[in-house]
Q: 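My structure is below; once you've seen it, I'll send some questions.
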Amino acid sequence: MSRLYLGLDCSTQSLTAVVIDVERLEVVYRRSLDFDAAFPELGTSHGVLPSSDPRVVHAPPLLWTQALARMLTAVAAEVDTSRLAAISGAAQQHGSVYCRHDGSPFGAGAFDRALTRATSPTWMDTSTSEECREIEAALGGPRALAALTGSRAFPRFTGPQIRKFAREAPDAYQETGRIHVVSSWLCSALIGDHAPIDRADGSGMNLMEIRAGEWSQAALDATAPSLGGKLPPLVPSAHVAGVLSPWWRSRFGLPPARIVAWTGDNPSSLIGLGLVAEGQFGVSLGTSDTIFGPMARVRISEDGTGHVFGSPTGAWMGITVFRNGSLARERVRDRFGLDWTAFSAALQQAPPGNRGAIMLPWFEPEITPPVAVVSPRYFDLTDREAASHVRAVVEAQMLALARHSEWMGVRPRQIRATGGAAANPAILQVMADVFDAEVTQFDVQDAAALGAAIRAWHADMAAAGRPIGWSDATGAFVKPATASRIRPEPSRAALYLEMRRLHADRERAALNDPAAGTAW
Ligand code: XUL
């Protein structure tokens, strides 16, 4: 009888389930649940609660446990769960859930009784700049904090959020016996008791020593009083946290499947995209553009924009996030009244290198490099032709992705591209040329959920004494969208090396001089 593994991904707006059959080597089930539509009574919009302060972005933790129950009802009805061997999951990173020390409400399915705080700050919350500065100051500055925990302080990271809660609601903070991240909160719900935090998601908190994978006493002390006693233990991502609790089994008729520690959505996507060796990179071209890849040892982003997280393999991953992704591409497309076909045609009409023209597409405040105000820049881009502007925005994005991932110290050999714009071969050709690496399109919308299912299989086999390798586990399920690989054009390698230097010069000039390149 072939075994099944369930992977779940609790993202900002939805919960997705993927079931894999490891004998047939197939994904046999997929379902997604949209939070706003499924739970209108909880009052969320795009998965978060309305707020009078735009910097405060919270969600009710019961949204996630209710979604879990709704999803497992569907899985129990639609899948032969007698074959279900193990479950794991992934969740949005950084968000935190505040609970009592007593874990018995989890066992009784009374998740609301576990809480000491009704709402959870999410990764979109930007209200803790002051706490970030204080934590960095206490630990010797942003670089010192990055060297210790993998990232300088970011408002969405859990540590600064905990500090704010401890300051604003000291009584509720004192009453809190366990602080979970979203992944460990949902894992707790499944095992019926407080679950540990896996090291990959733990690295998004500004509280874990990135190399040792243990809580940093200095970071705990700099964040909030008595914090060490309130955090669950850290464990490897392959840790089996328990089995599905009796509450789920009796209520939904599910088997005592192993529950493998949950992790963050980015680490899980690393597995769901099959990125398990240095030199493999994932580039996601979505609302934001993101580049990430495995790292065999820790290297810290000198300019403080990148993060080092743990990888579920036990190694690490680097990640750099750009805010001006699809939004910037759409801005240029709309400016010239193009559709995507015409956009691709225009891209191919301008020569590679665009005659040295550079755009810095900061149509929204940018994360990498940090740019606080809307300020697109144009250098030597004097015409108003669609071709040169389309090439300029795409080349700028690829050059930024390439340059701002150099800190990972790994030369990309192979890039797996996902997200809406990865369907466009003309864009992927520019990516291949700029990186001087082969690019393959991976149409994996559910990379985090698939990664969770693969992790459940991998950990279950290890627990059974029959371990499988990461490349075998991912290779069985992660397949390119098309047979075509896009190869770099060798004659363009030198040109784009020069363009990297030019892009760096222009970026420096723009950051130092608010007037540089502003004419359009
Ligand atoms: C990563 C981050 C987001 C969330 C989204 O640092 O904040 O990617 O994990 O779910």
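Numbering of residues begins at 1 and proceeds along the displayed sequence. A quick note: this is a predicted structure, and the numbers were derived from the prediction, not measured. Order of listing sets the numbers, starting from 1, for every ligand and every atom in it.
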Q: Can you sort out which atoms of ligand 1 are near Gln93, meaning under 4.0 Å from one of its heavy atoms?
A: 4 (C), 9 (O)
Q: For ligand 1, is there an N or O atom under 3.5 Å from any N or O atom of His307?
A: no
Q: Run the numbers for me: atoms of ligand 1, each under 4.0 Å from some heavy atom of Asp265, listed by number.
A: 4 (C), 5 (C), 9 (O), 10 (O)
Q: Taking distance alone, with N or O pairs closer than 3.5 Å, would you say Gln92 contacts ligand 1?
A: no
Q: Applying the ring pair (Phe, Tyr, Trp, His ring centres under 6.0 Å) criterion to His307, which one of Phe157, Trp407, Phe292 satisfies it?
A: Phe157
Q: Could an N or O of ligand 1 be found under 3.5 Å from any N or O of Thr12, whether backbone or side chain?
A: no
Q: Look at Glu278 together with Arg299 and state whether they make a salt bridge at an N to O cut-off of under 4.0 Å.
A: yes
Q: I'd like to know if Arg329 and Asp289 make a salt bridge, using a cut-off of under 4.0 Å between side-chain N and carboxylate O.
A: yes
Q: Salt bridge or not between Arg143 and Glu302? Use side-chain N to carboxylate O under 4.0 Å.
A: yes
Q: Please give me the minimum heavy-atom distance between Phe309 and Gln93, naming the atom from each residue.
A: CE1-OE1, 3.3 Å
Q: Please classify the Asn266 to ligand 1 contact at 4.0 Å (heavy-atom distances, strictly less than): side chain, backbone, both or neither.
A: side chain
Q: Which residue and non-hydrogen atom of the protein lie closest to atom 7 (O) of ligand 1, and at what distance in Å?
A: Arg156 NE, 2.8 Å
Q: Atoms of ligand 1 less than 4.0 Å from His94 heavy atoms?
A: 1 (C), 2 (C), 6 (O), 7 (O)
Q: Looking just at side-chain N and O atoms, do Asp201 and Ser183 make a donor-acceptor pair shorter than 3.5 Å?
A: yes
